[in-house]
Protein chains: 2
Amino acid sequence: MTTESRPGLRERKKQRTRDAISDAAITLFVERGFNEVSVAQIAEAAEVSKRTLFAYFPTKEDLVVHRMADHETESARVVRARPAHTAPLDALRDHFLDGLRRRDPITGLNDMPQIRELTQLIFRTPALIDRMQRFRAGGERALTEALCDTTDAPELVARMASVQIIAVQWALSMENFERLISGETADARYPDAARSAERAFALLANGLATVG
Amino acid sequence: MTTESRPGLRERKKQRTRDAISDAAITLFVERGFNEVSVAQIAEAAEVSKRTLFAYFPTKEDLVVHRMADHETESARVVRARPAHTAPLDALRDHFLDGLRRRDPITGLNDMPQIRELTQLIFRTPALIDRMQRFRAGGERALTEALCDTTDAPELVARMASVQIIAVQWALSMENFERLISGETADARYPDAARSAERAFALLANGLATVG
DNA sequence: TAGATAAGTACACCAAGTGCAGAACTATTC
DNA sequence: GAATAGTTCTGCACTTGGTGTACTTATCTA
């Protein structure tokens, strides 16, 4: 009756429940603000018990930020998957620029209403910003390892390079977020965003001494 | 009876109360761990009501991290106060190296028992790490402004330089913290710490392209 | 269809943090 | 130096995030 590749009913139900909870949460948060909605209200809206909600998401913050979890190790993956004879930094720059072109939400350059609302929610809520920073730390660790494994740079250099790169990517994304929040469209912002990214990566490559 | 410069009894009492609460908190936290001590117990140990405790410190985390608040704008101050014809990055490097020599706790290179214990407490407690990151964001903003005000670098460059610098300083301090936590003494660590810092700042100045 | 196993629920509980009304204290003024 | 105005502190009730537990209900397997 069920094909061999399809997960069982149990797994499908779990996924549906998980989505129901997350959707209810984000809808309510966007509507009324993170602190103005209680987890009890979310559980009620998703038609599950509070206890079940916490079985799927360990904290209230995770109801929102779990959607970003995939991106945690993105930079590390890009470095590992880069073509031979390509410098890590070049691969990362190209990937970021491609993200801008594709309007990847992670670059801050996506102005679709749902994504914009989610972004604003996060940036208006200190507790959520804090939580995002934890992903950043994880991303730094993963990138450091990727650099160590795929280049012959000493560990200190890998660590420093990695924190610099993540910091710059983060700052570029933040800048784009802010512009979009203040009303600019993604298409209008794109040319400057791309130029900024190119300059920022050039700065990473060539060093701060070049600007006095 | 009181000299004109001395604050009134009320102010002095406030300061004493504040110190009593903070001291009680840190003593208990170090003894038993952040999550194993409730604010009610801290209030009791400091002989104030829970309500008074929250009048002085807005959250449980602030009981610990308020001691770091002064350092938030340290980098910005260093840049603003640097001698004429000195590059910001040089001033910051010299300041960091001087911090290492002085065993400034902020560099992670102080192994006095009290400071070591406090450091370990923070790094063992995710909630406290999160809170520390908020200082970092403030430090980045302040440094960006300082760079804009005292150099003719465009704002994008100032922003990127600032997040890179703060990221590197943070990573260097973390490295020192970890070494000391794993048993090394500050004096034993010092030579490597200084060399690492010099290399890291050189990397900032010369760029990542220099290392493939 | 029986029974093992996993998911979900109800309920009681703890801790962080807030609002409020009044008590205790400090500063000021006559 | 007593009245009083202004702060700080307290006690208490309350909300909310999060956990432990014993129990029910649903899915899977044989």
Side-chain angles (χ1 to χ4, degrees), chain A residues 1-22 24-26 28-29 32-66 121 125-128 130-131 134, chain B residues 1-22 24-26 28-29 32-66 121 125-128 130-131 134:
Chain A
M1 199 207 259
T2 64
T3 70
E4 77 279 335
S5 70
R6 185 146 146 240
L9 173 58
R10 192 172 269 171
E11 284 309 310
R12 275 177 287 148
K13 269 202 165 178
K14 267 179 79 170
Q15 193 52 50
R16 277 214 315 263
T17 306
R18 192 183 163 82
D19 291 346
I21 296 171
S22 173
I26 288 177
L28 288 174
F29 287 152
R32 287 188 249 156
F34 186 77
N35 295 309
E36 280 64 48
V37 180
S38 72
V39 291
Q41 292 172 318
I42 294 164
E44 197 185 5
E47 297 182 293
V48 294
S49 71
K50 202 179 83 172
R51 208 67 188 72
T52 297
L53 186 152
F54 280 114
Y56 282 93
F57 300 95
T59 69
K60 189 182 180 185
E61 287 77 25
D62 283 298
L63 288 164
V64 180
V65 302
H66 76 101
L121 171 65
T125 312
L128 292 176
D130 288 356
R131 197 60 158 227
R134 220 182 283 186
Chain B
M1 197 209 260
T2 64
T3 71
E4 78 277 335
S5 69
R6 182 142 147 244
L9 172 58
R10 192 171 268 172
E11 285 308 311
R12 275 177 287 147
K13 269 203 167 180
K14 268 178 80 168
Q15 193 53 50
R16 277 215 313 263
T17 305
R18 194 183 161 81
D19 291 346
I21 295 171
S22 173
I26 289 177
L28 288 174
F29 286 153
R32 286 189 248 156
F34 186 77
N35 295 308
E36 280 64 47
V37 180
S38 73
V39 291
Q41 292 172 318
I42 295 164
E44 197 186 4
E47 297 181 294
V48 295
S49 71
K50 202 179 81 170
R51 207 66 190 73
T52 298
L53 185 151
F54 281 114
Y56 282 92
F57 300 95
T59 69
K60 190 181 178 184
E61 286 77 26
D62 282 298
L63 288 165
V64 179
V65 303
H66 76 101
L121 171 66
T125 312
L128 293 175
D130 289 357
R131 197 58 157 232
R134 221 182 281 186

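Numbered from 1 within each chain, the chains take letters A, B, ... in sequence-line order.
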Inset, instruction - Take atom CZ of A:Arg12 and atom C1' of D:dC28, then tell me their distance rounded to the nearest Å. - result: 13 Å
Inset, instruction - Return the value, rounded to whole Å, for the distance between atom CG of A:Leu28 and atom P of D:dG17. - result: 12 Å
Legend entry - Most 5' of A:Arg51 and A:Phe34 on DNA chain D, judged by nearest nucleotide: A:Phe34
Legend entry - A:Phe57 CZ - D:dG18 P separation (whole Å): 13 Å
Inset, instruction - Please check the phosphate of D:dC9 (OP1 and OP2 only) for any side-chain N or O of B:Tyr56 closer than 4.0 Å. - result: yes
Inset, instruction - Applying side chain to side chain contact (heavy atoms under 4.5 Å, CB included), run through A:Arg131 and A:His66 and close with a yes or a no. - result: CA-CA 10 Å; A:Arg131 197 60 158 227; A:His66 76 101; over 6 Å; no
Inset, instruction - May I ask you to verify whether the side chain of A:Lys50 and the base of D:dG18 hold a donor-acceptor pair under 3.5 Å? - result: yes
Inset, instruction - Look at atom CD of B:Glu44 and say whether more than 12 heavy atoms of other residues, nucleotides or ligands are closer to it than 6.0 Å. - result: no
Legend entry - Out of D:dT8, D:dA26, D:dG18, whichever nucleotide has its closest atom nearest the side chain of A:Thr59: D:dG18
Inset, instruction - Could you please name the option among D:dG17, C:dG8, D:dG11 that lies closest to any side-chain atom of B:Ser49? - result: D:dG11
Inset, instruction - Send over the distance from A:Glu61 CD to D:dT16 P, rounded to a whole Å. - result: 16 Å
Inset, instruction - Let me know the distance between CG of A:Leu53 and P of C:dT9, rounded to the nearest Å. - result: 10 Å
Inset, instruction - Round to a whole Å and report the spacing from NZ of B:Lys60 to C1' of C:dT18. - result: 17 Å
Inset, instruction - May I have the distance from B:Arg18 (atom CZ) to D:dC9 (atom P), rounded to whole angstrom? - result: 12 Å
Legend entry - Heavy-atom donor-acceptor pair, B:Gln15 side chain to B:Arg12 backbone, under 3.5 Å: no
Inset, instruction - Let me know the distance between CD of A:Glu36 and P of D:dT16, rounded to the nearest Å. - result: 11 Å
